[in-house]
Amino acid sequence: MTTRLSIAATALKPSYDAVVVGSGYGGGVAACRLARMGLSVAVLERGREFLPGDFPATAIAAGRDVQVRGGAADFGSDTALFDVRLGKDIHVLMGCGLGGTSLINANVCLMPDPRLFDDPVWPSEIRTDRMLAEGYIRARHMLRPVADPATRTFEKVKALTTAAAGIGSTVAPVPLHVSFVDANNAAGLRQPACVRCGDCCGGCNVGAKTTVANTYLADAKAFGAELFTEARVRSVVREADGRWRIEMKRPAGSRAGWAEASVVAGIVVLAAGTLGTTEILQRSRIRGLALSDRLGTGVTSNGDAIAIAYNNDTPVNGIGVGYPPRADTGTVGAAVNGLVDLRPGRPLEEGLAIVDCALPSAMATMLPSMLV
């Protein structure tokens, strides 16, 4: 994708049929479906738009694209790509940009264990929703996950295979939202083939990664949706006529800084992620919106744990080389390629899925000092 989808937030109209706040998976899907219904749709994204070649490729560039909030930390641009939130018990890394965290994740496509939804912690409407299976099918149609045919040739997958054998298990190729051939995607955009540079989690400068931006959002725009970047939604207020007023900050045009603005819509979809949506709702409650006192409680993580092995007897080749390549270390592969699945046959709470991972090339010069 070489053509920008977004327009400046200063071009926002006074009202729309529907406004979608956030542009990750939730916001992208909502925008796509609403636009296909023939509604006038605006998507509000707080970050910037990144095209292939725009993602930071060096440690210095990556450092400039980090924002950190929480505790005593408060630095970095509000539109920096890597958004880090520090908490007492957990830290969170989110993507800030058109396409949300799909810009910097590993694009792994694995089905959740169906036993997860047997837990009564989920509302009964979710546990008994028979449309969930159809939702998986629709997502696969748009994102078209496929395993890399070369998966077992990568050094990091060979190392994972050795580790798996040590615990009596095996490695399976992982389906990825990545194009391994030059082809048009489900939104009609041309995607070049993956060069297996290992930089998926730093942002794909090739364009092979199938993100929300080049699928759901591109499709939404094709059906008339307007996509706005640097639109920082603060709260929502119910108007007397039943419509919603979305209050936000956007660039002040020719002036420096940010200006207050608002837009009205009959439908509002808050899809700004777990933290972003909760923040907006908390501010909205202060403005008078009636909400549950449990808002912001019961939040959990996605259960990821990251381990780094170094000074190994055999090379793993687990650091990206970038595109164009800046190191001659052999083919890395995607960020994730192989899976050791220790979930089947075990109680749900004892399940474990282990994958390999390549760190993005922008971190390469920092790793020696970090590992000391």
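This structure is a prediction, so every number in the text was calculated from the model and none was measured.
- Tracing side-chain contacts under 4.5 Å through hydrophobic residues (I, L, V, M, F, W, Y), one reaches Leu44 starting from Ile280; they form part of the same cluster.
- No more than 12 heavy atoms of other residues, nucleotides or ligands shown are found within 6.0 angstrom of OH on Tyr323.
- Note: Thr329 OG1 to Ile319 CD1 = 8.5 Å, rounded to the nearest 0.5 Å.
- Asp182 CG: more than 12 foreign heavy atoms inside a 6.0 Å radius.
- Between Ile7 and Ala11, the closest heavy-atom pair is CD1-CB, 4.4 Å.
- A donor-acceptor contact closer than 3.5 angstrom is absent between the side chains of Thr210 and Arg144.
- No donor-acceptor pair closer than 3.5 Å links the side chain of Asn312 to the backbone N or O of Thr314.
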I would like to know whether Val19 and Val233 meet side-chain contact (heavy atoms from CB on, under 4.5 Å); could you show each step before the answer?
-> CA-CA 11 Å; Val19 167; Val233 172; over 6 Å; no
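- The main-chain N or O of Met94 is never found under 3.5 Å from a side-chain atom of Arg85 such that the two would form a donor-acceptor pair.
- Side-chain contact annotation: Arg196 with Thr331, donor-acceptor N/O pair under 3.5 Å absent.
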Decide side-chain contact (heavy atoms from CB on, under 4.5 Å) for Ile104 and Leu93; before the verdict, give the C-alpha distance in whole Å, the side-chain angles of both, and the deciding distance to 0.1 Å.
-> CA-CA 10 Å; Ile104 60 167; Leu93 169 64; 4.2 Å; yes
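- Proximity of Leu275 to Arg69: side-chain heavy atoms (C-beta onward) are nowhere separated by under 4.5 Å.
- Atom CE of Met37 has 12 or fewer neighbouring heavy atoms from other residues, nucleotides or ligands inside a 6.0 Å radius.
- How far OG1 of Thr101 is from CG of Asn107: 11.0 Å, rounded to the nearest 0.5 Å.
- Under the 4.5 Å side-chain heavy-atom criterion for Ile, Leu, Val, Met, Phe, Trp and Tyr, Leu5 and Leu34 are members of the same hydrophobic cluster.
- Residues Val355 and Val340 form no side-chain contact, since every pair of their non-hydrogen atoms from C-beta on lies 4.5 Å or further apart.
- Nearest heavy-atom pair, Met111 versus Tyr136, reported as atom, atom and distance to 0.1 Å: CE-CD1, 3.4 Å.
- Salt bridge Lys249/Asp78: absent, no basic N to carboxylate O contact under 4.0 Å.
- Counting heavy atoms from C-beta on, the side chains of Phe228 and Ser6 never come closer than 4.5 Å.
- Looking at Arg48, its side chain does come within 3.5 Å of a backbone N or O of Thr79 through a donor-acceptor pair.
- A donor-acceptor pair is defined here as one N or O able to donate and one able to accept, closer than 3.5 Å; no such pair exists between the side chain of Asp219 and the backbone of Cys32.
- Listed here is the closest heavy atom pair of Cys204 and Gly207: SG-N, 3.2 Å.
- The CG atom of Asp313 sits 11.0 Å away from the OG1 atom of Thr162 when rounded to the nearest 0.5 Å.
- Comment: Glu247 engages Arg287 in a salt bridge, judged by a side-chain N to carboxylate O separation of less than 4.0 angstrom.
- Linking ILVMFWY residues whenever their side-chain heavy atoms come closer than 4.5 Å, directly or via other members, leaves Val41 and Val236 in distinct clusters.
- Val171 is not connected to Val316 by any chain of hydrophobic side-chain contacts under 4.5 Å among Ile, Leu, Val, Met, Phe, Trp and Tyr, and they are in different clusters.
- Hydrophobic clustering, with ILVMFWY side chains joined whenever heavy atoms are under 4.5 angstrom apart, keeps Ile354 apart from Val336.
- For the side chain to side chain donor-acceptor pair (under 3.5 Å) test, no residue two or more places apart in sequence or in another chain qualifies with Arg140.
- Side-chain contact, Gln191 with Ser179: no donor N or O sits under 3.5 Å from an acceptor N or O.
- Side-chain contact check for Thr211 versus Phe50: every heavy-atom pair is 4.5 Å or farther apart.
- The two residues Thr365 and Ala59 have their closest heavy-atom pair at OG1-CB, 3.5 Å.
- Using a 4.5 Å cut-off on side-chain heavy atoms (C-beta onward), Leu110 and Pro175 make contact.
- Within the 4.5 Å cutoff, the side chain of Met248 has heavy atoms near those of the Leu12 side chain.
- Judged by distance alone, the side chain of Ser23 and the main-chain N or O of Gly99 form a donor-acceptor pair under 3.5 Å.
- Side-chain contact between Ser40 and Asp17 is present, with at least one heavy-atom pair separated by less than 4.5 Å.
- Atom SG of Cys96 is separated from atom CD of Gln67 by 5.0 Å, given to the nearest 0.5 angstrom.
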Decide yes or no on side-chain contact (heavy atoms from CB on, under 4.5 Å) for Ile308 and Leu359, but give the supporting numbers first.
-> CA-CA 10 Å; Ile308 297 178; Leu359 299 174; 4.3 Å; yes
Give the intermediate values and the outcome of side-chain contact (heavy atoms from CB on, under 4.5 Å) for residues Val178 and Asp148.
-> CA-CA 9 Å; Val178 176; Asp148 188 341; over 6 Å; no
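- Nearest approach of Leu339 to Ala353, heavy atoms of both residues: CD1-CB, 3.8 Å.
- The backbone N or O of Asn337 sits less than 3.5 Å from a side-chain atom of Asp356, completing a donor-acceptor pair.
- Counting only distance, with no hydrogens or angles, the side chain of Lys156 and the backbone of Cys357 share no donor-acceptor pair below 3.5 Å.
- Heavy-atom contacts from other residues, nucleotides or ligands closer than 6.0 Å to CD1 of Ile90 number more than 12.
- Between Leu103 atom CG and Lys209 atom NZ the span is 7.0 Å, to the nearest 0.5 Å.
- Between Asp113 and Arg346 there is no salt bridge, since none of the side-chain N atoms of the basic residue sits less than 4.0 Å from a carboxylate O of the acidic one.
- In this structure a side-chain-to-backbone donor-acceptor pair under 3.5 Å is missing from Arg243 to Val264.
- Between Leu51 and Arg4, some side-chain heavy-atom pair lies under the 4.5 Å cut-off.
- Of the inter-residue distances, the one linking Asn105 atom CG with Cys201 atom SG reads 7.0 Å to the nearest 0.5 angstrom.
- Side-chain atoms of Asn205 come within 3.5 Å of backbone N or O of Phe55 as a donor-acceptor pair.
- Between the side chain of Arg250 and the backbone N or O of Ala261, no donor-acceptor pair lies under 3.5 Å.
- Nearest heavy atom pair, residue Val332 against residue Asn317, reads CG1-O, 3.6 Å.
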